[in-house]
Amino acid sequence: MTDLHWMTATQLVASYRTKDLSPVEVAEYLLGRIEALDARINAICLVDADTTLAQARASEERWLQGEPQGLLDGVPVAIKDLVVSKGWPTMRGSKTVDPNQACEHDAPCVARLREHGAVFIGKTTTPEFGWKGTNDNPLTGVTRNPWNLDKTPGGSSGGAGAALAAGYCPLAIGTDAGGSIRIPASFCGVFGLKPTFGRVAAWPASPFTNLAHVGPMARTVADGALFLNVISEPDARDWYQQPFPQVDFSWDLARGVRGAKIAFSPRLGWVKRVDAEVEETVAQAVKRFAELGAQVSEVDPPLGDPTSFFKTLFFSGAGFLLADYPEEKLALIDPNLRAMVEESRSITRKDFQQATAERAAYGAGMKAFMADYDFLVTPMIAVPPFDTPHVTPFDPNGKFWAEWTPFTYPFNLTTQPAASVPCGFTKDGLPIGIQIVGRMGDDARVLQASHALEKVLALAERHPSDI
């Protein structure tokens, strides 16, 4: 039982099928683990044991009758506190949100999980309205990295990443408008996929529009693929969701990368600062792709730095969400988020349209570049996990997270699938991730490449030991 908290979703389903474990047994154990550990980590902002155990009992009855409801029946899943779920408030890490709100609807991904029998273990913390790449907020405080409690787990799906790394659950929902799945996946040593935009339905619509993706976070790629099978099922409420054919992302996961063409870009041609340990660890991991039979070329996309127009679009989203708040509400929000809102007031319609046009050109250029490659591989984050609650490790007074995440937001702009895979550790034992980017719509191949690297590096069984 001591290793139950590290069991994968795939292993749990198999154990339910053979009746070696029951969903109630697992849910009770994990709720106990959260109770024992989370005062120090602060990854979970809502626990509702009655609901969790009721779902687990219903699942147990289905398994006893030999009639599981879906692919994840009885599997514990954590829900990010930006994602609405029926019966639970969605506070978005903000004192400005009414805790007595109506909680009558599930977001599409939550609805699909409910249909597949998943057990909701709780809601995970996020920076206020998901605005930054670290994970503290005025409502619930600071979330800490299970690998080192002085460090940030990354954000904005930092509670999700920390929950996975701490062994609270095998699956967690993440969202990503500038890196918010991939940053905490890298910092917490777990797997995260930002799917192709429109692969997973989202509702209500994000204020960051089509920069924002919903995706799976897990401790293994196989679990991520299984998870994506469920949450990528269609939902008519999302006007943006693309009519992709329903595929089994778990099928042929072991296909590998033999013969694949990989562009390795250590700095995308413009990134100035990358930590030396990160750079060396990623470079060594890339060599494994060649050993697996891929054709690896070191080459940069010829597109330049997109930070300025990403910032215009991202700040516009924050302004759209919050700029009309009255002063008494603005006084309650994260001061750095408020500064972003104030800066957004100077963005004109022409600025926004110019940024949109630059994004279109950037996306077209990346699409043309990817015509020659199956994958683009980069470092995931330019730095290892740093002290919390700083917004940036470069400047104690820094306010914008993008300076240390230059490899994330370009692929929100282009809408491509991009995964973070653990690829090593610093000398201090902190996780380092590598990013695997695919062509638009080619999520299955990104999962296959991620799985191949995961298997050869054999890091999925390594977990924090001091929590």
Side-chain angles (χ1 to χ4, degrees), residues 37-38 40-43 80 124-127 130-137 141-168 172 174 176 178-192 194 217-219 271 273-282 284-285 336 378-396 398-409 419-435 457 459-460 462-467:
L37 296 180
D38 206 50
R40 288 185 291 153
I41 297 170
N42 192 31
K80 184 177 179 178
T124 57
T125 57
T126 177
W131 81 271
K132 62 181 176 179
T134 51
N135 217 86
D136 57 275
N137 68 57
V142 177
T143 299
R144 299 181 180 278
N145 193 321
W147 293 92
N148 182 326
L149 296 180
D150 292 329
K151 306 299 180 182
T152 179
S156 66
S157 305
L164 291 168
Y168 293 173
D176 189 317
S180 290
I181 287 172
R182 293 159 290 153
I183 298 167
S186 180
F187 277 10
C188 293
V190 300
F191 174 74
K194 178 190 74 66
M217 298 178 68
R219 286 193 294 267
V271 177
R273 289 196 282 191
V274 180
D275 177 86
E277 280 191 281
V278 168
E279 200 156 40
E280 175 60 22
T281 301
V282 170
Q284 291 302 314
N336 287 331
T378 75
M380 188 64 261
I381 309 299
V383 297
F386 53 88
D387 287 351
T388 191
H390 298 308
V391 178
T392 170
F394 296 145
D395 178 359
K399 295 179 173 61
F400 193 38
W401 48 268
E403 61 183 359
W404 52 272
T405 64
F407 301 103
T408 61
Y409 54 84
S420 178
V421 182
C423 70
F425 291 83
T426 68
K427 65 179 183 303
D428 294 325
L430 296 172
I432 295 171
I434 190 171
Q435 179 168 230
L457 293 177
L459 298 175
R462 184 166 171 177
H463 308 297
S465 58
D466 295 333
I467 53 173

S.K.: Which atoms form the tightest heavy-atom contact between Val383 and Asp275, and what is the distance?
M.R.: CA-CB, 4.1 Å

S.K.: To the nearest 0.5 Å, tell me how far Ser180 OG sits from Trp401 CH2.
M.R.: 6.5 Å

S.K.: Quick one: closest heavy-atom pair of Ala382 and Arg273, and the distance?
M.R.: CB-O, 3.4 Å

S.K.: With rounding to the nearest 0.5 Å, note down the distance linking CG in Asp428 to CD in Glu277.
M.R.: 6.5 Å

S.K.: State, to 0.1 Å, how close Asn145 and Phe187 come at their nearest heavy-atom pair, and which atoms those are.
M.R.: ND2-O, 2.9 Å

S.K.: Is any NZ, NE, NH1 or NH2 atom of the basic residue among Lys399 and Asp395 found under 4.0 Å from an Asp or Glu carboxylate oxygen of the other?
M.R.: no

S.K.: Does either side chain, that of Asn135 or that of Thr125, offer a donor lying less than 3.5 Å from an acceptor on the other one?
M.R.: yes

S.K.: Is there side-chain contact between Phe191 and Leu164, with heavy atoms separated by less than 4.5 Å?
M.R.: no

S.K.: Please step through side-chain hydrogen bond (donor to acceptor under 3.5 Å, both in side chains) for the pair Thr408 and Lys194, ending with a clear verdict.
M.R.: CA-CA 10 Å; Thr408 61; Lys194 178 190 74 66; over 6 Å; no

S.K.: Between Arg462 and Pro422, is any pair of side-chain heavy atoms under 4.5 Å apart?
M.R.: no

S.K.: Could you go through Thr405 and Ile183, starting from their C-alpha distance and side-chain angles, then the distance that decides it, and tell me whether this counts as side chain to side chain contact (heavy atoms under 4.5 Å, CB included)?
M.R.: CA-CA 8 Å; Thr405 64; Ile183 298 167; 3.6 Å; yes

S.K.: Looking at side-chain heavy atoms only, is the closest gap between Ser157 and Asp176 below 4.5 Å?
M.R.: no

S.K.: Is there a donor-acceptor contact under 3.5 Å from the side chain of Arg144 to the main chain of Asn42?
M.R.: no

S.K.: With a 4.5 Å heavy-atom cut-off, do Thr152 and Phe386 have their side chains touching?
M.R.: yes

S.K.: Quick check: do Thr134 and Trp404 have side-chain heavy atoms less than 4.5 Å from each other?
M.R.: yes

S.K.: Counting N and O atoms only, with roles assigned by atom type, does the side chain of Glu403 sit under 3.5 Å from a partner on the main chain of Thr392, one being a donor and the other an acceptor?
M.R.: no

S.K.: For Phe425 and Trp147, take the angle between the two ring planes, folded into 0 to 90°, and tell me which bin it lands in: parallel under 30, tilted 30 to 60, perpendicular over 60.
M.R.: tilted

S.K.: Over all heavy atoms of both residues, which pair between Gly433 and Cys423 is shortest? Give the atoms and the distance, please.
M.R.: C-SG, 3.8 Å

S.K.: When rounded to the nearest 0.5 angstrom, what is the spacing between OG in Ser420 and CD1 in Ile434?
M.R.: 9.5 Å

S.K.: So Asn336 and Val391, do their side chains get closer than 4.5 Å, heavy atoms only?
M.R.: yes

S.K.: Taking the side chain as every heavy atom from C-beta outward, state whether Thr388 and Lys151 have any pair of such atoms under 4.5 Å apart.
M.R.: no

S.K.: Is there a donor-acceptor pair under 3.5 Å between the side chain of Thr124 and the backbone N or O of Gly159?
M.R.: no

S.K.: Of all the heavy-atom pairs spanning Ala162 and Pro146, show the shortest one and how long it is.
M.R.: O-CG, 3.4 Å

S.K.: How long is the straight-line distance from CZ of Phe400 back to CH2 of Trp131, given to the nearest 0.5 Å?
M.R.: 8.5 Å

S.K.: So, for Met217 and Ala160, which heavy atoms are closest and what is the spacing to 0.1 Å?
M.R.: SD-CB, 3.9 Å

S.K.: Could you give the distance from CG (Asn137) to OG1 (Thr143), rounded to the nearest 0.5 Å?
M.R.: 7.0 Å

